[in-house]
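Accompanying notes for the structure given below.
Order of the sequence lines sets the chain letters (A, B, ...), proteins ahead of strands, with each chain counted from 1. Bear in mind that the values here come from a model prediction, so they are computed numbers and not experimental data.
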Amino acid sequence: MSESRPDPDALLASLQRDEARARRGQLKVFFGMCPGVGKTYAMLRAAQQELRDGTDLVIGIVETHQRAETEALLSGLPVMPRKEIEHHGIRVTEMDLEAILTRHPKLVLVDEFAHTNAPGSRHPKRYQDVVELLDAGIDVFTTLNVQHIESRADAVRQITGAPVHETVSDSVFDLADQIELVDLTPEALRERLAEGKVYLGERAATAAENFFKDTNLTALRELALRFVAERVDKRLRELRGVGLVSTVWRSGERLLVAVGSSPSSTQLVRWTRRMAAAQGAAWIAVSVESTRPPDAGGQRRLEQNLALARELGAEIVVTHDDDVAAALVRVALQHNATQIVVGQSRSPRWLDLLRGGSLVDRLLRTSGPIDIYVVPAERAAEKAMTWLGWRPVANSPAREYGEVAGVLAALTVGFWFLQPFTGYLAIGMLYLLAVIALSLRVGRGPVIAAGVLSALLWDFLFIPPLYTFYIGKFEDGVMCVTYLVVALISGHLTARIRAQERHERTREDRATALLHLTQALSTARTLDDAVFAALRQADQLFAAQSALLLGEDGGSGLMPHFAGSFTLSEKELGVADWVWRNRKNAGRFTDTLPGAEGFHVPLVREDKTVGVLVVRVPPTQTLLLAQRDLIGSFAGQIALFVERESLRAVSEREKLLAESDKLHRALLDGVSHELKTPLAVLAGATEQLAAADVATRDGLVSEIVTATRRLTRLVNNLLDQTRLESGALNPRLDWCDAHDLVNAAVDGVRESLAGHPFETDVSADLPLFRADAALMEQVIANLLLNAALHTPAGTPIFLTVGADQAHARVCFTVADRGPGFPLEMRERLFQKFQRGDAARAGGLGLGLSIIRGFVAAQHGEVVVGENPGGGAVFTVYLPWEPHTKVPNE
Amino acid sequence: MNTNPPKSDILVIDDEVQIRRLLRITLEAAGYKVRDAENGALGLNEAAVQRPDAIVLDLSLPDLSGLDVLRRLREWSHIPVLILSVRGDEANKIAALDAGADDYLTKPFGGGELLARLRVLLRRAQPVGEVSIASFGDIEVDFAKRSVTRAGAEVHLTAKEYALLRLLLQHRGKVVTHRQLLRDVWGPQHENDTHYLRVHMANLRKKIEPSAGSPSYVKTESGIGYRLVDRD
């Protein structure tokens, strides 16, 4: 690619961003280093200016903290009433999001971007309210301190020592279209503090004193300034990316961070996000599940860490491997990651040696060109994760220990009687066999217990001297220790293999579930079949109820699919609607509307949402992250199917269009040929006519007359066809006399019939029937004309009209002795632009199509058959009913 | 064509200049004086000022519809009007005929047909004395005696058949719409009972036509009405 040309992808991305921005509201953030710098004040002043400019604005929520200067600025600004929420008997007020959305102003002021809403609000966080306002196309002014930025929270905590509770993710902050830095020197701020102009809330005075120390303020200020500078830099880079492809732009950079269940992983995630943002790179958070599942607390922390990474804009990958290093390198290669970020290893050195080097060593050995970053873990963080290997596994119930004890007791009694025959050494082997057999049934803890217990029993009861743990002979001692080690190792290994097997089985179940779903979807003939199959699979797999809502094409509503086993309440429908509009998970197990019963997942394809999948598990059960991922995969598969269906519909339409295009081309070709031939004759003949002598004149004139007749017929046919197709044909049914019709029709085509013997037979006692006389005259004329044009000169043509009283109909029959039509052609004949094989040059193939249209308009039908003895027979049937009596006089 | 040029004034109202030119050539060649107008308003004006002997009126005009022109004209004048229409527009033709047009022609038409129609219209417009006997082919109708003879032999017509024949004779050579016939013979309440007309017309034809199967005197105009052949 030439260096002076913009990268089309970057340009497209930028255009899409511009487009998305144009639709959504503009977000302006008044950004400060700490409370008290005057963000709310600056925001209100800006609002006053907007008000003077005539902007329709309201105050969604503003905290003045009783500062006189700030309150003065409120005058004249319309304030939305707050919503009262009662939570555990305490009344709190929150911004009324619904009311603002309904009021739909141009601009709304929302103070304290990072605020956490009271439980029971629609969103847990206020910034989510703001996102919804922006999505609704409403501009928002808001305020924010640097300490509330997710990726800076750690730094602020390290500076001030005060914990930060309310944070917003950096990706949300990326929505800001404008950032206004509200800056104040530390001296000025301390002055304001001294004058009592800064609200300190319930905080203890000493803590505040600590917080507002000069050194702290300087550090915070630097942090805030650097943060804003970084954003500017990023914006600049975006612009540059669009303008020119830069040689320093490392567009290929992609960071991969290993996320575990330890609290230090949280910092690792934030660190990686900062790195990725600074490099303008995408990043992936990888969790490696080993065969040893973490305990419940660890699982929760892992999910939180992954959720944080997702929130901060990472792509989440969960993989399974007992070798973390190999897993990380594999994922890195799959996703083209260029840098791997891991935390400092905290495992004991001897274990690293056992495993063939620490995680970092192993990564360095196998990573090839991938850069490895090792981020030191913060000392303050919770004590290093305990190695779970030797802890009794949480899911080993007392029953397994009881089983072990029982089995060993029974065997010991048996061995007691066996011992005289075998000697005590064989008993040891038999104990070992029992331990290994037990390891196939029970977990790691009981197996180890069995190993230890059996060794003791063997020693106490069988190895001489009996009934002591003392071992007399040296070789017996070696034997007993070896026994213990072998029992422990084999027990451990077997248990591990079993765990791995179990894990494999879950993974296999998962894969099988997806496979079954894919198969069910691929064999589904219709969308309904597919939805039915998918929902039944979901019900079975998650022991849940499920529902699917599909978005109407081009409409704005969601329709629950009838196959759902979960009937959605008004509230659930609301959640589903939110998911559909915001294309994010919501409902139970999520941050949005967590009070809902169901877990709602959008069906997203490319850039559109096609529907929402809702899964409801009983309130006592929970959905694990892996299960939610699987539900996500389900949603993806269903979305794929829905899209495939709609694509198929599109391609059907396109095929139809192509057909009609072909027709149009045929029409154009036909019409232009049909028009040009007589026109050429007319032009040529008239030109010669001007110079012709009397002898040739007659011939020329007859050519002109013929050409004119042909043109007239063509134009009439085209017009009739158009009338038929445009629905402009309004037959006026009236009582008709067959004799009249036949006479009029035959008169019209008498000249064309000249070359054929022609007979008519109209039954004398034919009753009157209702028809549109003009249309019927054309029908008969066209049939006769067709017969005359498409049969050899001299062959006869017969027209008969009769009544078929039994079927209450009248029939008009035109028979010829021409070549007739092969059976397979007969139905096609009546389609437009179809011409018989024997058709001579000329004609568009409209005649029969018009005939059928005209007859159908009079509630009749026309069929073609074979004339016994050769030729074709066209029969027109018209319904017949008796008319009222005609008075004689 | 016409051995005895009538020197009548014809007004052509049509928006197509080629049609106007063609009609002018055709009509002037037949000895008529021709004026033309390209729209309804000009046409009405011309008709009022020049008092032509007949008007050829196109039904589709850019400003007023031909039907409107006809209605306004009929408010003050009985100048014979021949309307030009297209195929498939039967409803408009009937409306125009019922609104007072004297006859119609369907485009495209031949010159001979046009001249024949005009001749009929102009003759009707000429004041003629009370005619008591009319004849066509071998049929003779004596209005005074209300008798019809065929090749000298008495033909017994019912009252309705006679009324139909008399009406067609009065408008000889011109089309008479079903509605006009039904209204005159059976009364306004029967103007949609076309089966009355069909049945009695069939009976009338049996009595007067040389071959009822292919009538040569009373011609059918499909969907419009009937026309009695002009005198030879």
Practice prompt. Tell me, please, which residues at least two apart from B:E154 pass side chain to side chain contact (heavy atoms under 4.5 Å, CB included).
Written response: B:S147, B:T149, B:H156

Discussion item. Checking an interface table here. Which of residues 217-228 of chain B come within a heavy-atom distance under 4.5 Å of chain A?
Written reply: B:K219, B:T220, B:S222, B:G223, B:Y226

Worksheet item: Within a radius of less than 6.0 Å around CD of A:E751, do more than 12 heavy atoms belonging to other residues, nucleotides or ligands occur?
Response: no

Rounded to the nearest 0.5 Å, how far apart are [atom1] of [X] and [atom2] of [Y]?
X: B:Y196; Y: A:L768; atom1: OH; atom2: CG; answer: 12.5 Å
X: B:T194; Y: A:R732; atom1: OG1; atom2: CZ; answer: 9.5 Å
X: A:D740; Y: B:M201; atom1: CG; atom2: CE; answer: 8.5 Å
X: A:H883; Y: B:R198; atom1: NE2; atom2: CZ; answer: 11.0 Å

Worksheet item: In terms of heavy-atom proximity below 4.5 Å to chain B, should A:T884 be classed as side chain, backbone, both, or neither?
Response: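 The answer is both parts of A:T884.
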
Worksheet item: Which bit of A:N743 comes within less than 4.5 Å of chain B, counting heavy atoms only: side chain, backbone, both or neither?
Response: side chain

